[in-house]
Amino acid sequence: MSAAPLLTVPEALARVLALLAPVGVETVGLSEAAGRVLAQPAVARRAQPPFDASAMDGYAVRAAEATPGARLRVVGEAPAGRAWTGDLGPGEALRIFTGAPLPAGADAVLIQENARAEGDAVFCLEAVAPGAWVRPAGFDFGPGASLPAPRRLSPADIAALAAMNLPEVVVRRRPRVALVPTGDELVEVGAAPAADQIVASSGHGLAALLAGFGAAPDLRPIAPDRVPALGAALRAAAGNADLIVTLGGASVGDHDLVRGVVGDAALSFYKVAMRPGKPLMAGRFAGVPIVGLPGNPVSAMVCCHIFLRSAIDALLGLPAGPAGRREAILAAPAPAEGPREHYARAAVESDGRVRLFENQDSSAQMLLAGADVLAVRPANAPAAAEGDAIEVVPLRSA
Ligand SMILES: Nc1nc2c(c(=O)[nH]1)N[C@H]1C(S)=C(S)[C@@H](COP(=O)(O)OP(=O)(O)OC[C@H]3O[C@@H](n4cnc5c(N)ncnc54)[C@H](O)[C@@H]3O)O[C@H]1N2
Ligand code: MOO
């Protein structure tokens, strides 16, 4: 692997995506389907509405007869769910309610606000246009209509699938992502750390983020900084995973072992021209795609937003592109940048403008928790002024 220059973020993302193929499918009930990715088009089993349906409470009529002042004889009643099966003859009207099938012979609905009932008759107060307040059969969708795939199912999609009379759908199974924290200084959350230890935190944030992206995270035990033990931890993680993600041990220190354990030959790249996140790597371990995230917790979370969201999309068979950005306006100046593209933690103020935090240290988790967006500053950008435009990656929509 050549040492320099560092890959850009789009180049590195393309390399990550090239390692991934969509996972298999499973069938789930509608109550499990929200947020899942439809893997095959869902084909309607019936039309909606399945019959010409009244859209209002009133009277089914022949529009040509329903002229102002006309008197029609009410021959029956059709509530929703109980069709009137006769034929509506000349001079007749049928009391009808919203959602009920229109009887044969009728072609419009006179709404009850425009009618006066008197005994078994109804007087028409306003003219009725042909087709008025009738939802023709298949008006929403016809039999054989389909919801296309791939598609992340929204609550509205779930309702549409139910209306299509589909109790189950075929979705991608959730990609299994094994998260492997590494480092002898780490202890599990809730344990009693020694004075020189810290709590392994970023795995928990990553698991939450990945679950929000549609993956099934598997947060593994902390792997020690020893080659055989790290290798064993990665082999154990690989067994069941669609993607392995290591945390830490990615840099150049004597105890940063992930690269050595994976092996340069199996790596697609190491190091990206981004800040934070420079020591990112990706490749294959035991045949399974692996992404090595930097240990600094903010770096790991930022890399998850920028790379792993797209990676999960790819595993789910969705179109996978760069993290979504929008344009915003700076509420305060931003300093000049170095040679790496900077994903700066920033707040969105009440007027919608964006203010970069002064402290951009990649270990500062409380700052990340307070950030609304990553403000993207291009490599080598000169200082920017208040009012300048800036692109931001939203952090809170995950
Ligand atoms: N001489 C150099 N030193 C460093 C460089 C460099 O280019 N030259 N890069 C720095 C950058 S940038 C980063 S990012 C870090 C990343 O290094 P590692 O991936 O090897 O990370 P670690 O050394 O294992 O850990 C860094 C830091 O983060 C803490 N950590 C690790 N895992 C977790 C976790 N799961 N939860 C919470 N905190 C974690 C760890 O204790 C360290 O404090 O390297 C710089 N050094
Ligand atoms: O990549 Mo380091 O991620 O700048 O802290």
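Just follow the structure's listing: the first ligand is 1, and inside any ligand the first atom is 1. The analysis underlying the following values was restricted to heavy atoms, covering all of them including side chains, and did not include hydrogens, waters or symmetry mates.
Checked against a 3.5 angstrom limit, the closest N/O atoms of P181 and ligand 1 fall outside it. Looking at L247 next to ligand 1, no N or O pair under 3.5 Å apart turns up. Annotation: A250 places an N or O atom under 3.5 Å from an N or O atom of ligand 1; distance criterion only. Looking at E185 next to ligand 1, an N or O pair under 3.5 Å apart turns up.
Residue-level proximity to ligand 1 for S201 is carried by backbone and side chain together, each with a heavy atom below 4.0 angstrom. If you look at V199 next to ligand 1, the close heavy atoms, those under 4.0 Å, all belong to the backbone. Contact annotation for D256 and ligand 1: only side-chain heavy atoms (C-beta onward) come within less than 4.0 Å of the ligand.
Side chain of R377 to backbone of P335: a donor-acceptor contact under 3.5 angstrom is found. Formation of a donor-acceptor pair under 3.5 Å by the R95 side chain with backbone atoms of E77 is not found in this model. With D388 contributing its side chain and L330 its backbone, the two residues share no donor-acceptor pair below 3.5 Å.
In R46, the CZ atom is not crowded: 12 or fewer heavy atoms of neighbouring residues, nucleotides or ligands sit closer than 6.0 Å. For R325, the CZ atom sits in a packed shell: over 12 heavy atoms of surrounding residues, nucleotides or ligands are nearer than 6.0 Å. Counted within 6.0 Å of CH2 on W84, heavy atoms from surrounding residues, nucleotides or ligands total more than 12; the atom is thus considered enclosed. Around atom CD of E358, no more than 12 heavy atoms belonging to other residues, nucleotides or ligands sit under 6.0 Å away.
Proximity to P294 (heavy-atom distance under 4.0 Å) selects the following atoms of ligand 1: 14 (S), 19 (O). Against a heavy-atom cut-off of under 4.0 Å, A200 is close to the following atoms of ligand 1: 36 (N). When each atom of ligand 1 is checked for a heavy atom of I198 under 4.0 Å away, the hits are 38 (N), 41 (O). Within ligand 1, the atoms closer than 4.0 Å to a non-hydrogen atom of V252 are 1 (N), 2 (C), 8 (N), numbered from 1 in the order shown.
Here the protein heavy atom with the shortest distance to atom 7 (O) of ligand 1 is K278 NZ, 3.8 Å. Summary of contacts: the protein heavy atom closest to atom 29 (C) of ligand 1 is G295 O, 3.8 Å. Among all protein heavy atoms, the one lying closest to atom 12 (S) of ligand 1 is P279 CD, 4.2 Å. Regarding atom 43 (O) of ligand 1, its nearest protein heavy-atom neighbour is N296 OD1, 4.4 Å.
The heavy-atom pair separating P175 from G214 by the smallest distance is CD-O, 3.5 Å. The two residues S146 and M164 make their nearest non-hydrogen contact at CA-CE, 4.1 Å. When all heavy atoms of S363 and P297 are compared, the pair lying nearest together is CA-CD, 4.1 Å. S202 and Q365 make their closest contact through N-OE1, 4.4 Å (heavy atoms, listed as atom of the first residue, atom of the second, distance). Between V134 and A108, the closest heavy-atom pair is CG2-CA, 3.7 Å.
A cation-pi geometry, defined here as NZ or CZ lying under 6.0 Å from the six-membered ring centre and within 45° of its normal, does not hold between R345 and F357.
Proximity annotation for atom 17 (O) of ligand 1: of G248, S251, G277, G203, S251 comes nearest, heavy atoms only.
Between G253 and ligand 1 there is no heavy-atom distance shorter than 4.0 Å. At least one heavy atom of S299 sits less than 4.0 Å from an atom of ligand 1. Residue-ligand proximity: S202 is placed with a non-hydrogen atom under 4.0 Å from ligand 1. Between G249 and ligand 1 there is a heavy-atom distance shorter than 4.0 Å.
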One line per pair, note the atom names and distance for all nitrogen or oxygen contacts under 3.5 Å between ligand 2 and the protein.
unit_1	atom_1	unit_2	atom_2	d
ligand 2	1 (O)	G277	N	2.5
ligand 2	1 (O)	K278	N	2.8
ligand 2	3 (O)	G277	N	2.6
ligand 2	3 (O)	S299	OG	2.5
ligand 2	5 (O)	N296	ND2	3.1
ligand 2	5 (O)	S299	OG	3.1
ligand 2	5 (O)	S362	OG	2.3

- Query: Given the rule in the salt bridge (Lys or Arg N to Asp or Glu O under 4.0 Å) test, do R396 and D372 qualify, once you have shown the distances and angles that lead to the verdict?
  - Reply: CA-CA 6 Å; R396 295 191 187 278; D372 301 306; 2.8 Å; yes
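Here the straight-line distance linking atom CD of E391 with atom OH of Y343 works out to 9.5 Å at 0.5 Å rounding.
Among R36, R151, R152, the single residue meeting the salt bridge (Lys or Arg N to Asp or Glu O under 4.0 Å) criterion with D157 is R151.
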